[in-house]
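Encoded as structure tokens, the structure appears first; notes follow it.
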Amino acid sequence: RHPLATFFHLFFRVSAIVTYLFCDWFSNSFVACFVTILLLLSFDFWSVKNVTGRLLVGLRWWNQIDEDGKSHWVFEAKRVPTIAASTEAEARIFWLGLIICPVIWTMFFFSTLFSLKLKWLALVIAGISLQTANLYGYIHCKLGGQKTISRVTSRLFGTTDVPKRQSRRISEDGTEEHGKTGTR
């Protein structure tokens with residue numbers, strides 16, 4: 001069990017949302033509110049990507065650039081069942097937090113746009129971007145842990161050249177890595 005990881009998985013996310021909603025009550029400084037919320041979003045992105053995803057559901061993703069300057073995305077899933085590594089409740093909290101928060105930031109985007117509070121638009125877009133990036137990465141990890149994404153798409157569309165773009169490695173610690181190669 002990982003109660004501290006579960007706490008911080010939700011703490012930074014909820015703190016950023018609550019600070020966005022009530023920042024005007026505590027401070028008249030737009031810059032202070034903007035920086036505070038951006039820091040909370042950044043802490044959330046880092047902690048979810050590097051700590052809580054690995055501890056709570058056994059998934060991890062990252063990007064590496066080789067010597068040629070090509071970008072390689074690696075999506076990793078533990079081979080052991082994730083229930084052994086964490087409880088079912090922790091996994092549900094992880095996925096609910098990962099899915100609900102981008103939806104909330106999307107609602108903030110439309111409310112900011114329609115209320116013409118355009119100075120907040122950059123912050124809301126940053127919130128959507130950071131939250132959605134983690135969601136995208138973990139969905140790829142989840143799908144890649146069960147079967148590679150290229151196999152799924154090749155069965156759907158009947159193509160055979162798609163699996164050539166997908167790499168798969170098993171590292172020393174028993175994790176299975178699925179990489180998707182692409183260039184910037």
Sequence neighbours excluded, the answer for side-chain hydrogen bond (donor to acceptor under 3.5 Å, both in side chains) partners of Thr6 is none

Those residues at least two apart in sequence (or on a different chain) that pass side-chain hydrogen bond (donor to acceptor under 3.5 Å, both in side chains) with Asp66 are His72

Practice item. If the plane angle is over 60° it's perpendicular, under 30° parallel, otherwise tilted; pick one for Phe45 and Trp61. Key: perpendicular

- prompt: Is the Tyr136 ring parallel, tilted or perpendicular to the His140 ring (thresholds 30°, 60°)?
  reply: perpendicular

Is the distance between the ring centroids of [Y] and [X] under 6.0 Å?
X      : Y      : value
Trp105 : Phe108 : yes
Phe26  : Phe22  : no
Tyr20  : Trp120 : yes

What's the shortest heavy-atom distance between [X] and [Y], and which atoms?
X      : Y      : answer
Leu121 : Thr112 : N-CG2, 3.9 Å
Ala5   : Thr52  : O-CG2, 3.2 Å
Ala77  : Leu59  : CB-CD2, 3.6 Å
Pro102 : Leu135 : CG-CD2, 4.2 Å

Using a 3.5 Å distance criterion without hydrogens, assess whether the side chain of [X] forms a donor-acceptor pair with backbone atoms of [Y].
X     : Y      : answer
Lys49 : Asn134 : no
His9  : Phe94  : yes
Glu76 : Cys141 : no

How about Leu98 and Val48: do any of their side-chain heavy atoms sit closer than 4.5 Å? yes

Item to complete: Using a 4.5 Å cut-off on heavy atoms from C-beta on, say whether the side chain of Trp95 contacts that of Tyr138.
Response: yes

Taken to the nearest 0.5 Å, the spacing of Ser47 OG from Leu55 CG works out to 10.5 Å

The reported gap from CG in Leu40 to CG in Leu130 (rounded to nearest 0.5 angstrom) is 12.0 Å

Discussion item. Please tell me whether Val103 and Leu21 are part of a single hydrophobic cluster in this structure, the criterion being side-chain heavy atoms less than 4.5 Å apart.
Written reply: no

Here the side chain to side chain donor-acceptor pair (under 3.5 Å) pairs for residues 22-45, sequence neighbours left out, are Arg13-Asp44, Asp44-Gln131

Where do Leu56 and His2 land on the side-chain contact (heavy atoms from CB on, under 4.5 Å) test, with the steps shown first? CA-CA 7 Å; Leu56 299 180; His2 306 285; 3.9 Å; yes

